[in-house]
Structures are given as structure tokens and as C-alpha cells.
Amino acid sequence: MTTGPARVRFAPSPTGDLHVGGARTALFNWIVARQTGGKFILRIEDTDQNRLVGESIDGILESIRWLGLDWDEGPLVEGPHAPYFQSQRLDLYTRYVHQLVDAGHAYPCFCSAERLAEVREQQRARKEPPGYDRHCRNLSKEEVQAKFDAGETAVYRFKMPLDGETSFYDLLRGEISYENRNLQDLVLLKTDGYPTYHMANVVDDHLMEISHIMRADEWIPTAPLHVQMYQAFGWEPPIYAHMPVVLRPDGKGKLSKRDGAVGVLEYQQKGYLPEAVVNYLALLGWAYDDKTEIFTIDELIEKFNVEKVNPSPARYSFEKLEWMNQHYINHVLELDDVAARCVPFLVDAGLVDPVAADTTTGEFAKVRDTIELVKDRLKYLTEAPELVDFFFKDETDDYDAETLVPRKTEPETALAGLKAAREGLADIDFSDEEALEAKLRELAEEIGLKAGQMFMPIRVAVSGRTVSPGLFETLRVLGRDTVLARIDIAIQKLQAHSA
RNA sequence: GCCCCCAUAGUCUAGCGGCCUAGGACGCCACCCUUUCAAGGUGGAGACCGCGGGUUCGAAUCCCGCUGGGGGUACCA
């Protein structure tokens with residue numbers, strides 16, 4: 001698709017959180033930049049003062065950063081085409097609009113919002129396609145001057161050719177063409193002096209030397225306008241590749257906030273790994289072959305091919321993403337890595353000291369030892385605290401004596417098992433998991449219990465719950481003192497219960 | 001309404017004229033492993049490749065129509 005280094009851009013509009021659909025577009029752009037040794041440019045399209053949510057910019061930058069998509073030019077890092085906020089480039093757009101006006105490709109339009117609404121209303125009543133009626137397109141120089149002199153404000157519209165057709169090549173779909181007579185004289189510059197997306201994006205993409213425009217599907221209908229603008233300016237248009245939109249899980253419309261977690265940062269908070277999110281997003285509409293689906297970021301850079309992105313819209317699946325996340329935690333990341341990523345969540349839960357963030361500390365070692373036991377059953381990092389809390393607390397959470405008694409057994413059975421364990425484990429080497437297991441199995445046999453009947457009460461006694469990591473490794477990590485003390489408590493509980 | 005895009009199982013997809021009695025994954029169902037829960041292993045159900053016409057010795061793959069879905073139709077992006 002390209003011969004040299006690509007200059008691509010991701011241009012979010014700061015109107016809220018960056019959501020996964022946008023993140024996917026950003027990812028594809030970033031990958032293309034990296035695989036061609038090009039540049040990934042981040043540009044903030046803050047051209048709509050009404051929808052602007054100032055604080056959202058930080059969140060968007062944080063989201064992109066969290067995903068690991070570093071940008072070469074843009075906010076904070078700047079670059080040769082600064083500023084990268086369109087609100088700081090207003091004079092440029094004004095200048096270029098006037099260039100179009102002078103060349104006869106744009107014109108001021110004095111129509112009020114009311115008149116436009118009225119025109120649309122009438123068109124609808126007559127069942128005609130809605131759109132601007134080009135009322136001001138042929139105003140004479142004198143008429144225009146008179147209106148400005150009278151203090152009227154104007155927007156500037158592009159003077160779309162009335163006949164002929166406009167076509168462009170889309171990397172995923174091939175040639176796409178539109179008949180000009182169906183195209184509109186869209187607004188380029190608004191009355192508040194801000195440009196519309198069309199103006200800002202064409203001017204900036206050209207000035208910033210963007211080579212490939214990879215953006216969402218929804219932009220296809222306005223692409224011919226952009227192509228006409230490039231022509232009017234006498235500029236070479238970039239290569240286009242429109243990414244299919246991400247649909248709601250039920251397929252009924254674009255994915256939006258209403259459909260659950262769609263903000264990138266929500267995934268961070270919910271204990272997802274950026275690697276898993278990236279991997280899932282890459283697979284949404286793209287596949288390398290008929291088998292592979294786990295890709296490191298470097299493999300994506302090596303194997304991804306924009307031209308193979310499936311042009312049909314894809315539904316978003318929370319289930320598959322969840323599976324992907326679990327797969328990464330269970331099978332892709334190394335233990336130390338998972339442990340380190342769990343630390344913030346454990347700290348938040350008040351279980352470990354913040355110094356555990358330093359992987360050379362004993363605190364971290366303890367975290368690693370416990371995470372090792374639950375790594376293969378974690379779906380989200382957020383589950384870590386609830387799975388390992390009993391290793392860090394002095395006592396287990398309170399539990400009902402009943403839970404010490406496995407189904408279909410009597411309290412006496414559980415009590416006998418616990419007492420046997422209490423004695424039998426007293427002088428066992430707790431660092432030796434196999435010895436622990438051998439001893440417990442031996443004790444079970446001695447008192448005529450099945451392994452499960454013996455193990456469950458102990459599990460509950462030491463962890464306070466019926467679901468826990470493997471028993472013997474749990475005992476090993478807990479250590480003799482804690483284990484014996486907790487068994488004592490369990491025995492008391494059971495005796496009190498039966499009395 | 002008009003314009004544009006898309007079309008392989010519930011979902012994401014492989015396939016780019018014969019290798020397809022359509023492959024993989026998620027989800028689902030069994031069974032195995034097993035000290036709980038996961039993970040893992042094995043097997044299974046699930047697609048007349050949206051429908052109808054062509055082209056061809058041969059079509060999921062090429063062409064046309066239809067239907068369906070999605071997008072756009074703003075002084076929003």
C-alpha cells in the first residue's frame with residue numbers, strides 16, 4: 001500500500017472519553033506508522049465549541065498512552081507542524097477559505113439557521129432530499145459587500161461542481177464515486193470563526209503532510225467533498241482507507257456509551273490489560289491467517305495489513321475481549337509481570353503497602369508468591385484482591401461454621417479431619433508442598449475420610465471460603481503458624497456450633 | 001426519501017475458480033483431569049457460504065438483480 005514511511009494521524013475530537021472504536025482507529029494508524037518507519041501524529045480536533053469538553057483531552061491522551069500508542073508529533077511532544085490543536089490554528093483556516101473564495105471555489109452564505117431549517121422543512125414536505133438550496137451561491141460581489149456592510153454575519157460554503165462526478169480510491173473498497181449533483185455546498189467556516197471538520201482536516205492533513213488517511217467508515221460520504229477541496233487547492237490528496245465502524249453487540253447501530261464499557265480508561269479500571277485490549281481490537285475486522293490470534297505488539301507491527309481489514313462492520317463482543325484478557329493473564333504474561341500489575345489494585349484494597357510497587361522489595365515478593373497461586377484463575381486484575389486477601393490479613397473473613405462441613409457429611413467428620421490436621425501438621429516442613437500433601441492424604445486415610453472431605457474443611461479454615469487456590473500451595477505460602485492458628489479457630493467454631 | 005458502503009455458523013473471521021463433504025476462535029453442550037474454583041485436554045451441536053439469476057467443464061470465490069444490515073444526509077465530528 002505504500003512505498004515509503006507513512007505519515008498518519010489520529011485526530012480525536014475532545015467531546016468525551018476515547019472509546020474503543022476510536023482506539024481501534026488510532027491503533028491501526030499507529031501500526032502503519034511503525035511498520036513503515038513513519039510518523040504517528042496526534043491532532044486534537046477541537047473545532048466545535050459547543051460540544052467541547054475541555055477535561056476530556058487529558059483522558060484521551062491518557063487512554064492512548066495506556067494502550068501504548070506513542071505519538072511522534074502532537075500535544076506535549078510538539079513537532080514541526082505545531083500547534084496540534086486546531087483551535088490554535090484558526091487564522092490558517094480563515095486564510096485558506098479566502099483563498100478558495102478568491103479562486104471561485106467557496107462563497108459566503110448569509111442564510112440564518114431559521115431559514116435553513118425552514119428550507120429543510122419544506123423539502124421534507126415535498127419529499128425532496130434535504131439540503132441547502134444554494135440560496136447564496138450566486139450573490140454578486142456588490143450584494144455580498146452590502147450584506148457585510150449591513151453587519152450581517154456569514155458562513156463560508158464550498159462551491160461544489162453541479163455536474164460530473166467525484167471519485168476516490170479507498171484502500172479497502174477500491175473505487176468509490178459520487179455524482180456531484182447529489183453533493184452539497186457544505187459549510188467550511190462557521191460564523192464563530194471556527195472551521196468545520198471538512199476545512200480543518202483538509203488543510204491540516206495537507207500542511208502536516210499526511211500520507212494516509214485512515215479514519216472511520218462514517219466519513220465516506222464526505223470524502224468526495226474533501227477530494228474536491230484538494231482539487232480546488234491544487235493539492236495532492238492522501239491515500240484513503242476507511243475503517244469499518246464498530247457495531248453494538250446486537251448489531252443494531254454503532255457502539256456507544258449506552259452499550260456498556262466503551263471508554264478505554266474504563267478497561268484500565270476494570271483490570272484489563274492494554275495488550276489484551278489491543279490484541280482484541282486488532283482482530284476486530286482483521287485476521288492474519290486462519291489460526292493465529294494472539295499477537296504481541298511487535299507481531300502486529302510485522303503482520304498487520306490495512307488492506308486486509310474486512311470492510312464490513314463488525315460487532316463488538318465483550319465476551320471475547322474478556323476471554324482475551326484472561327488468556328493474557330493466564331498464559332501470555334510472566335508471573336512477575338502479572339504480579340506487578342496487580343500491585344496497584346492490592347494497594348487500593350488496603351492489602352499491601354505501596355512500596356510493593358518496587359519489585360526488589362520483600363513486599364513485592366509476597367505479592368508474587370500469592371499471585372502465583374491465582375494467576376491461572378484471574379480474569380481481571382481487579383479480582384486479585386478478593387482472591388488473595390486472606391494471605392495479607394491477620395484473620396480470614398468471618399465465615400459460618402456450616403461452611404466447614406462439606407455437603408453430605410456430618411459436622412463430626414469435619415471436626416475429626418481438622419483435629420487430625422491440627423496435630424499431624426504441627427511438625428511438618430511447610431515449605432515442602434509434597435510433604436504437606438502426603439501427610440494430609442495419609443491422615444485422611446487413617447481416619448477413613450475421602451480426600452475431598454478432608455481438604456475442604458481445611459480450605460475453609462485457612463482461607464475463610466470454599467473457593468481458593470490449591471490447598472497445599474496455600475498452606476505453604478500461609479506458613480505453619482497462621483495455618484495452625486486458623487485451624488484452631490475453625491475447631492472452636494465447629495464445637496460451638498455443634499454444642 | 002435520497003446517496004454510499006457491506007453481506008461465510010449466535011459473534012469475530014480464514015477462504016481470493018478446482019486443495020471446501022467450508023478451516024480457526026469466542027460463546028454453548030458433553031466427557032476427561034481434579035482437593036474447591038479456574039485453567040487445560042478431548043469430543044459435539046451450530047453455515048444448504050442472505051436470495052435469485054447468469055459466466056464457467058467447475059463458484060463461497062467473477063458479473064447482474066433483489067433482499068437484509070450499516071453509514072451519511074448539520075454553522076457535530
Side-chain angles (χ1 to χ4, degrees), chain A residues 11-15 45-48 50-51 109 111-113 116-117 120 123-124 126-132 153-157 170 172-173 176-179 182-184 186-192 194-198 200-201 215-224 242 244-245 247 249-254 280 283-294 310-324 326-327 330-331 374-379 387 406 437 440-441 444 450-456 458-460 463 465-472 474:
Chain A
S13 173
T15 54
E45 302 213 337
D46 51 351
T47 57
D48 184 351
N50 299 317
R51 296 204 311 157
C109 165
C111 295
S112 65
L116 295 178
R120 265 195 295 273
Q123 288 166 329
R124 191 163 24 178
R126 275 179 275 139
K127 299 206 160 136
E128 285 172 11
Y132 178 55
T153 53
V155 298
Y156 284 85
R157 289 178 182 276
D170 181 279
L172 314 187
R173 296 159 248 265
I176 296 176
S177 69
Y178 283 78
E179 291 189 50
N182 291 321
L183 270 19
Q184 305 261 323
L186 289 179
V187 173
L188 263 24
L189 201 66
K190 303 181 256 186
T191 47
D192 64 1
Y194 279 76
T196 57
Y197 169 84
H198 314 297
N201 124 84
R215 75 226 308 183
D217 219 348
E218 24 191 58
W219 291 109
I220 292 180
T222 52
H242 291 90
V245 289
L247 264 28
D250 64 6
K252 302 216 174 301
K254 290 192 283 184
Y280 174 70
L283 249 31
L284 203 57
W286 172 81
Y288 173 64
D289 58 17
D290 63 346
K291 294 205 165 51
T292 327
E293 52 182 358
I294 299 301
N310 187 161
S312 67
R315 299 188 194 192
Y316 191 73
S317 165
F318 290 99
E319 288 76 23
K320 182 128 187 193
L321 208 209
E322 181 180 283
W323 168 81
M324 185 75 77
Q326 176 169 35
H327 183 82
N330 296 175
H331 306 292
V374 299
K375 178 176 178 287
D376 288 348
R377 53 203 89 197
L378 277 180
K379 261 185 162 129
L387 289 177
E437 175 165 8
L440 287 175
R441 287 191 186 281
K450 286 186 196 162
Q453 296 175 325
M454 177 77 184
F455 300 162
M456 188 49 88
I458 301 176
R459 178 191 313 286
V460 175
S463 70
R465 62 193 63 160
T466 54
V467 174
S468 81
L471 220 214
F472 318 113
T474 298

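Just so we're on the same page: letters track the sequence lines, and every chain starts at 1. Note that the coordinates shown come from a computational prediction; the quantities given were computed from them, not determined experimentally.
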Open item on the list: Each nucleotide in nucleotides 70-77 of chain B should get exactly one letter: B, S or -. Can you fill that in based on protein heavy atoms under 4.0 Å?
Closed with: SBSSSBBB
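Pairing for A25(B) is with U11(B), a Watson-Crick or G-U wobble pair whose two hydrogen-bonding atom distances lie under 3.5 Å. U55(B) is unpaired under the Watson-Crick or G-U wobble criterion, no partner having all donor-acceptor distances under 3.5 Å. Of the nucleotides present, G1(B) is the one that pairs with U73(B) by Watson-Crick or G-U wobble criteria, both distances under 3.5 Å. Using Watson-Crick or G-U wobble geometry with both donor-acceptor distances under 3.5 Å, C49(B) finds no partner in any strand shown.
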Polar pairs (N or O, both sides) under 3.5 Å between protein and nucleotides 19-21 of chain B?
none

Extract from the structure each pairing of a protein N or O with an N or O of nucleotides 36-38 of chain B at less than 3.5 Å, listing the distance.
residue: U36(B); atom: O2'; partner: T466(A); partner atom: O; Å: 3.3
residue: U36(B); atom: O2; partner: S468(A); partner atom: N; Å: 2.8
residue: U36(B); atom: O2; partner: S468(A); partner atom: O; Å: 3.0
residue: U36(B); atom: N3; partner: R459(A); partner atom: NH1; Å: 3.3
residue: U36(B); atom: N3; partner: S468(A); partner atom: O; Å: 2.6
residue: U36(B); atom: O4; partner: G470(A); partner atom: N; Å: 3.3
residue: C37(B); atom: O2; partner: R377(A); partner atom: NH1; Å: 2.7
residue: C37(B); atom: N3; partner: R377(A); partner atom: NH1; Å: 2.4

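With rounding to whole Å, Y280(A) atom OH is found 12 Å from G27(B) atom P. The distance from atom CG of N182(A) to atom P of C3(B) is 6 Å, rounded to the nearest whole Å. Rounded to an integer number of Å, the gap from NE2 of H331(A) to P of A25(B) is 14 Å. Residue L284(A) contributes atom CG, which lies 19 Å from atom P of A25(B) at whole-angstrom precision.
Heavy-atom minimum distance, T466(A) versus M456(A): O-CE, 3.8 Å. Nearest heavy atoms, L378(A) versus N330(A): O-ND2, 3.2 Å.
By the 4.0 Å N-to-carboxylate-O rule, D217(A) lies close enough to R173(A) to be salt-bridged with it.
Nearest-nucleotide mapping onto RNA chain B: of D289(A) and P249(A), the residue sitting toward the 5' end is P249(A).
Of the N and O atoms on the side chains of S468(A) and R459(A), at least one donor lies less than 3.5 Å from an acceptor on the other residue.
Every residue two or more places apart in sequence or in another chain that forms a ring pair (Phe, Tyr, Trp, His ring centres under 6.0 Å) with Y316(A) is listed here: Y280(A), F318(A). Here F472(A) pairs with F455(A) under the ring pair (Phe, Tyr, Trp, His ring centres under 6.0 Å) rule; sequence neighbours left out. For N310(A), the side-chain contact (heavy atoms from CB on, under 4.5 Å) partners at least two apart in sequence or on another chain are S312(A).
Nucleic acid contact class of H242(A) (heavy atoms, under 4.0 Å, all strands): none. Using a 4.0 Å heavy-atom cutoff across all strands shown, Y194(A) reaches no nucleic acid atom at all.
For A39(B), neither phosphate oxygen OP1 nor OP2 lies less than 4.0 angstrom from any side-chain nitrogen or oxygen of H327(A).
Taking the side chain of R173(A) as heavy atoms from C-beta on, and the options C5(B), A25(B), A7(B), the nearest nucleotide is C5(B).
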